[in-house]
Amino acid sequence: MNIRKLYFFGGLFLNLSVIILLVTGSPLLTIALDKNNEIPLGTLITWIVMISLPFTIYWGFKDLREPSSKFNGILSRFLKIILLLGILWVPISYVLAGNLSFTFSEKTAFQGGQLAMRWFWWLSYGIGIGAILTLIVSWISLLFKKKKIVNH
C-alpha cells in the first residue's frame with residue numbers, strides 16, 4: 001500500500017472514530033488534560049477531526065491534490081482554505097471563547113458572549129460542511145466529466 005492510501009485510510013478511520021466519540025457524547029471528551037481542569041480532551045479530539053477531515057479528502061482524491069481543470073483548481077484551493085481553518089480552529093475558538101473548553105455565557109462582551117458563540121458554531125460547522133460539500137461537488141463534477149467523455 002502506498003503512502004497516499006495509508007494517509008487516506010488512516011484519516012478515514014480517525015474521522016469515523018472521532019465522529020462516533022462526538023456523537024455519542026463519550027466521557028472521554030471531558031477528561032482534563034491539565035491540572036486546572038481547563039482543557040478537556042474533547043478539545044484536542046475535535047481539533048484532530050477539524051484537521052483530518054479536509055486532509056483525508058485531499059489525500060483521497062487526486063483531482064483535489066493535482067487539479068486537472070480550472071474548476072478542480074478552485075475546489076482544491078477551497079479545500080486548502082478549509083484545511084487552514086481546521087488548523088487554526090483552536091486559536092480562533094480560543095479568541096472567541098476566552099477559554100480552551102470553549103464555553104460561552106450570556107455576557108454582553110464579545111469574547112465569551114453569545115455573538116462569539118454564534119461565530120464559533122459557524123466556524124466549527126463550516127469546516128465540516130465545507131469539506132464535505134467540496135467532496136460532493138467534486139463527485140458531481142466527475143459525473144459531468146464522464147458524461148462529456150461518453151458523448152464524444
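The figures that follow rest on heavy atoms only: side chains count, while hydrogens, waters and symmetry mates do not. Please read these numbers as outputs of a predicted model, since none were measured by experiment.
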For Pro54, the option from Ile87, Leu83, Leu64 that meets side chain to side chain contact (heavy atoms under 4.5 Å, CB included):
Leu83

Kindly work out whether a path of hydrophobic side-chain contacts (I/L/V/M/F/W/Y, heavy atoms less than 4.5 Å apart) joins Leu6 to Tyr58.
yes

Any residue meeting side chain to side chain contact (heavy atoms under 4.5 Å, CB included) with Ile136, in chain and number order, not counting sequence neighbours:
Ile132, Ile140

Would you please name every residue forming a side chain to side chain contact (heavy atoms under 4.5 Å, CB included) with Gln111, sequence neighbours left out?
none

Parallel, tilted or perpendicular: which describes the rings of Trp59 and Phe55, with under 30° parallel and over 60° perpendicular?
perpendicular

Correct closest heavy-atom pair for Gly60 and Phe8 would be CA-CD1, 3.2 Å

For Tyr94, check ring pair (Phe, Tyr, Trp, His ring centres under 6.0 Å) against everything at least two apart and list the hits.
none

Could you report the tightest heavy-atom contact between Thr43 and Leu100, atom names first, then the distance?
OG1-O, 2.8 Å

Nearest heavy-atom neighbours spanning Leu85 and Ile127:
O-CD1, 3.6 Å

Closest approach of Asn72 to Ser141 (non-hydrogen atoms, all atoms of both residues):
OD1-OG, 3.8 Å

What is the minimum heavy-atom distance between Val49 and Ile19, and which atoms define it?
CG2-CG1, 4.4 Å

For Ser17, all residues meeting side chain to side chain contact (heavy atoms under 4.5 Å, CB included), sequence neighbours excluded
Phe13

Can you measure from CG (Leu53) to CD1 (Ile82) and round to the nearest 0.5 angstrom?
9.5 Å

Should Leu135 and Phe144 be regarded as members of a common hydrophobic cluster, given that ILVMFWY residues are connected when their side-chain heavy atoms come within less than 4.5 Å of each other, either directly or indirectly?
yes

Path from Leu88 to Leu44 over hydrophobic side-chain contacts below 4.5 Å:
yes

Applied to residues 21-34, the side-chain hydrogen bond (donor to acceptor under 3.5 Å, both in side chains) test, sequence neighbours excluded, yields none

Would the distance check show the side chain of Gln114 and the main-chain N or O of Ser105 forming a donor-acceptor pair, the cut-off being under 3.5 Å?
yes

Counterpart residues, side chain to side chain donor-acceptor pair (under 3.5 Å), relative to Ser68 (two or more places apart)
Asp63, Lys145

Taking only residues two or more places apart in sequence, or in another chain, which ones meet Asn99 in a side chain to side chain contact (heavy atoms under 4.5 Å, CB included)?
Ala97, Ser101, Thr103

Decide whether Leu123 and Leu84 are clustered together by the hydrophobic rule: side chain heavy atoms of Ile, Leu, Val, Met, Phe, Trp, Tyr closer than 4.5 Å, transitively.
yes

Tell me, which pairs form a side-chain hydrogen bond (donor to acceptor under 3.5 Å, both in side chains) where one or both residues lie in residues 115-133, sequence neighbours left out?
Trp89-Ser124

Pairwise side-chain contact, Ile92 with Phe120, heavy-atom cut-off 4.5 Å (strictly under):
no

Ser52: what forms a side chain to side chain donor-acceptor pair (under 3.5 Å) with it, not counting sequence neighbours?
Asn15

For Ala32 and Asn37, which heavy atoms make the closest approach, and how far apart are they?
CB-OD1, 3.0 Å

4.5 Å side-chain heavy-atom contact, Leu133 and Phe78:
no

Following the transitive rule for hydrophobic clusters with a side-chain heavy-atom cut-off under 4.5 Å over Ile, Leu, Val, Met, Phe, Trp and Tyr, establish whether Ile81 and Ile74 coincide in one cluster.
no

Flag the pair Ile45 / Leu29 as yes when at least one side-chain heavy-atom distance between them is below 4.5 Å, and no otherwise.
yes

Answer yes or no: does atom NZ of Lys62 have more than 12 heavy-atom neighbours from other residues, nucleotides or ligands under 6.0 Å?
no

Separation between OH of Tyr7 and CG of Leu14, rounded to the nearest 0.5 Å
14.0 Å

Would you check if the side chain of Thr134 reaches a backbone N or O of Gly130 as a donor-acceptor pair within less than 3.5 Å?
yes

Close side-chain approach of Trp139 and Phe61, heavy atoms under 4.5 Å:
yes

